[in-house]
Every structure is written in C-alpha cells, then in structure tokens.
Amino acid sequence: MSSVALFTRDLRLADNPVLTAAGRRAIPLFVQDPDASVRHGSPNRSAFLAESLRDLDTGLRTVGSSLVVRTGRLAEVVATVVGESGADSVHIGRDVSAFAQRRLAQLEQALSVPVETHNSITVIPPDAIAPASGPFYQVFTPYYRSWSEVHRRTVLDAPMTLSEPGIDSEPLPEIPTVGTSPARLSGGETEARRRLHDWLPRVRAYGDTRDALAEDGTSMLSADLHLGTLSPLEVSLAASEAGA
C-alpha cells in the first residue's frame with residue numbers, strides 16, 4: 001500500500017523522517033493552502049517557497065518520483081488524494097504552533113486513515129524536556145543544558161528510490177519577481193546545503209562575529225530552517241562537529 005508524505009516545513013530529501021516513514025511507495029504531497037498563503041504571503045517568501053518546491057521536485061525525480069502539488073483547504077485536499085491513491089496512512093512533521101495544531105486536528109477529523117506525526121522539524125521532540133517546576137523553561141542556560149543532554153536520533157539518508165505517485169499534480173508554482181528583493185536568498189535544499197557548507201568553516205567564530213554588521217558572520221540559514229530545506233538536527237550536529 002502507498003502512504004502520503006505530506007510536506008509542510010520539511011522541504012527536503014535528506015534526513016526527512018516523514019518521507020522515510022512513508023516508504024518506497026510514498027506519495028510526496030504539498031498543498032497550497034490559502035490559509036497559509038494569507039498568513040505568510042510576502043513576495044520574498046513566496047519566491048523562496050516556489051524555488052524550494054522546484055528543487056524538491058527535481059530531487060524526487062532523480063529517485064523515480066515527483067512532487068504532487070494541489071491547491072485548496074489542506075484537510076480536504078489530503079482526503080481527496082487519499083481517495084485517489086488508496087493510501088493507507090498519512091505522514092506529517094510534528095509541529096507545535098497553534099496553526100499546526102489546528103491543521104492536525106482537521107486532518108484527523110477529515111481522514112479515515114491514520115495520521116502519523118514525525119519529528120522532522122525540530123532537533124529533539126518538542127516535549128522531550130521540561131523543568132521540574134512548571135510547564136516550560138524561563139531561563140535559557142538550564143534549558144540549553146537539558147537540551148544538550150537529550151539523545152539525538154540518527155540522521156537519515158535521502159531515499160535511493162521511490163515509486164511514481166500515480167496521481168495527477170498541478171503545475172509547480174511560478175516564482176514571483178514583482179516585489180522581491182534583489183538580494184534575497186534562493187530557496188531549495190541544493191542552495192541550503194551550499195550555504196551550510198560555506199558557513200561551517202566560520203562556525204568557531206560565530207559567537208564573536210554574528211553581531212558584527214561589517215562581518216559575514218551569520219549563518220544565513222534561518223529561511224532554510226524555517227521551511228526545512230535543511231534538517232535542523234543535521235545542522236546542529238554539523239555545527240557541533242565543526243567546533244561550535
């Protein structure tokens with residue numbers, strides 16, 4: 001049986017627990033939900049997202065699959081895709097925002113197949129640590145100490161081969177040019193990995209250079225981490241190995 005791998009904020013092949021769990025017959029799906037577009041519709045973000053989806057589709061095609069893009073209310077679209085494909089489960093990254101929690105509840109209500117969540121968006125599971133007194137940490141240092149001691153899962157390889165989705169896709173979104181910044185970063189896992197590679201030699205000095213406006217000291221990875229074109233776990237481990 002096939003499974004739907006629902007991409008949200010994990011637009012990558014490498015170290016993607018959602019895609020790995022969906023298996024060789026995964027149906028890679030991205031839903032252009034108008035609710036999300038209204039909330040996050042700046043030209044720069046739209047361009048970064050469109051480029052990331054194109055890069056994701058290119059990567060999927062190298063292993064025998066392709067990205068299925070549909071537009072509409074997410075829960076309704078996923079239910080349609082499940083019906084068309086006969087998928088027996090839906091896999092999605094575990095997210096903790098109020099928007100993401102509503103989205104998950106709507107999915108579970110709309111579907112007759114299981115919805116399985118996976119830790120693809122954060123370095124450690126969101127509920128892996130908590131202070132002895134109170135529901136959350138209010139001071140960074142004890143939080144960081146506990147965070148550092150949590151066991152990390154193994155970084156997952158990108159899939160070597162996947163099956164064709166077997167259902168139709170809408171065209172990939174166009175990359176907007178009006179209103180975008182001429183200095184904006186390009187989206188996609190390929191460009192994200194280049195940025196990570198360029199940053200790691202400088203990571204030892206990050207604490208000294210990140211606030212210096214004249215220095216090329218920041219990682220430039222915030223958009224990549226936000227949309228998941230890089231695995232936060234992989235970035236964290238790579239930075240640690242580089243001396244951060």
Side-chain angles (χ1 to χ4, degrees), residues 5-24 26 28-30 40 42 44-69 91-95 118-124 152-162 172-176 180-207 209-210 215-244:
L6 182 56
F7 288 90
T8 54
R9 295 203 300 120
D10 39 21
L11 305 181
R12 63 183 183 272
L13 297 187
D15 193 44
N16 191 328
V18 169
L19 190 57
T20 299
R24 186 177 180 277
L29 174 65
F30 181 82
H40 309 292
S42 74
N44 280 350
R45 184 190 185 280
S46 297
F48 191 96
L49 174 60
E51 289 169 343
S52 298
L53 294 175
R54 287 173 180 271
D55 190 69
L56 177 59
D57 180 63
T58 298
L60 287 166
R61 289 179 185 276
T62 65
V63 295
S65 185
S66 61
L67 184 63
V68 176
V69 176
H91 300 263
I92 186 173
R94 187 179 180 192
D95 208 338
H118 305 274
N119 188 48
S120 64
I121 293 172
T122 54
V123 176
I124 63 173
R152 270 50 171 166
R153 62 171 177 78
T154 301
V155 173
L156 302 169
D157 293 330
M160 297 295 292
T161 180
L162 294 172
L172 292 167
E174 294 294 326
I175 301 171
T180 57
S181 167
R184 72 170 184 83
L185 298 178
S186 299
E189 184 175 6
T190 302
E191 285 295 305
R193 289 195 166 278
R194 180 189 61 77
R195 282 189 283 271
L196 176 62
H197 180 268
D198 290 346
W199 175 60
L200 288 177
R202 308 193 307 273
V203 76
R204 286 179 183 271
Y206 186 69
T209 61
R210 63 188 175 88
E215 297 286 338
D216 184 18
T218 60
S219 69
M220 307 294 285
L221 298 178
S222 61
D224 299 305
L225 291 169
H226 179 69
L227 286 179
T229 53
L230 283 176
S231 156
L233 172 63
E234 191 173 2
V235 171
S236 172
L237 295 176
S240 179
E241 291 171 2

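Counting begins at 1 with the first residue of the sequence. Basis for what follows: all heavy atoms, side chains included, without hydrogens, waters or symmetry-related copies.
Nearest heavy-atom pair across A50 and I175 is CB-CG1, 3.9 Å. Taking every heavy atom of both residues into account, S120 and R12 meet most closely at O-NH2, 2.8 Å. Nearest heavy-atom pair across P176 and T180 is O-CG2, 3.6 Å. When every heavy atom of L162 is checked against every heavy atom of G23, the shortest pair comes out as CD2-O, 3.6 Å. Residues L67 and L172 come closest through the heavy atom pair CD2-CD2, 4.2 Å. Counting all heavy atoms, side chain and backbone alike, H118 lies closest to H91 at NE2-ND1, 2.8 Å.
Judged purely by distance below 3.5 Å, without hydrogens or angles, the side chains of D224 and T229 pair a donor atom with an acceptor atom.
Of the possible polar contacts, none joining the S240 side chain to the S236 backbone as a donor-acceptor pair under 3.5 Å is found. For the pair S46 (side chain) and S42 (backbone), a donor-acceptor distance under 3.5 Å is present. Formation of a donor-acceptor pair under 3.5 Å by the R9 side chain with backbone atoms of H226 is found in this model. No donor-acceptor distance shorter than 3.5 angstrom exists from the side chain of D10 to the backbone of I121, with no hydrogens or angles considered. Put simply, the side chain of S52 gets close to the backbone of F48: a donor and an acceptor are under 3.5 Å apart.
One finds the CG atom of L233 at 5.0 Å from the CZ atom of R153 (value rounded to the nearest 0.5 Å). Considering CD1 of I92 and CZ of F7, their distance stands at 11.5 Å, rounded to 0.5 Å. Between the CE atom in M160 and the OG1 atom in T62 there is a gap of 9.5 Å [rounded to 0.5 Å]. Annotation: the span from D15 atom CG to T154 atom OG1 amounts to 9.5 Å, rounded to 0.5 Å. Atoms CD and CG, from E234 and L156 in turn, are 10.0 Å apart once rounded to the nearest 0.5 Å. Annotation: the span from N119 atom CG to D95 atom CG amounts to 10.5 Å, rounded to 0.5 Å.
Considering only residues two or more places apart in sequence or on other chains, D55 meets the side chain to side chain contact (heavy atoms under 4.5 Å, CB included) condition with E189, T190. Residues satisfying the side chain to side chain contact (heavy atoms under 4.5 Å, CB included) criterion with L196, sequence neighbours excluded, are W199, L200, L221, L230, V235.
The shortest distance between side-chain heavy atoms of L53 and P173 falls below 4.5 Å.
Taking the charged nitrogens against the carboxylate oxygens, R194 and E191 do have a contact shorter than 4.0 Å, which makes a salt bridge. The residues R202 and E215 are annotated as not salt-bridged, no charged nitrogen and carboxylate oxygen being separated by less than 4.0 angstrom.
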Show, in sequence, the C-alpha distance, side-chain angles and deciding distance for L13 and L19, and conclude whether the side chain to side chain contact (heavy atoms under 4.5 Å, CB included) test is met.
CA-CA 7 Å; L13 297 187; L19 190 57; 3.7 Å; yes
Verify side chain to side chain contact (heavy atoms under 4.5 Å, CB included) between L56 and F30, making sure each step is shown before the conclusion.
CA-CA 10 Å; L56 177 59; F30 181 82; over 6 Å; no
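Enclosure of atom CG in D198 by more than 12 non-hydrogen atoms of other residues, nucleotides or ligands within 6.0 angstrom is indicated. For R152, the CZ atom sits in a packed shell: over 12 heavy atoms of surrounding residues, nucleotides or ligands are nearer than 6.0 Å.
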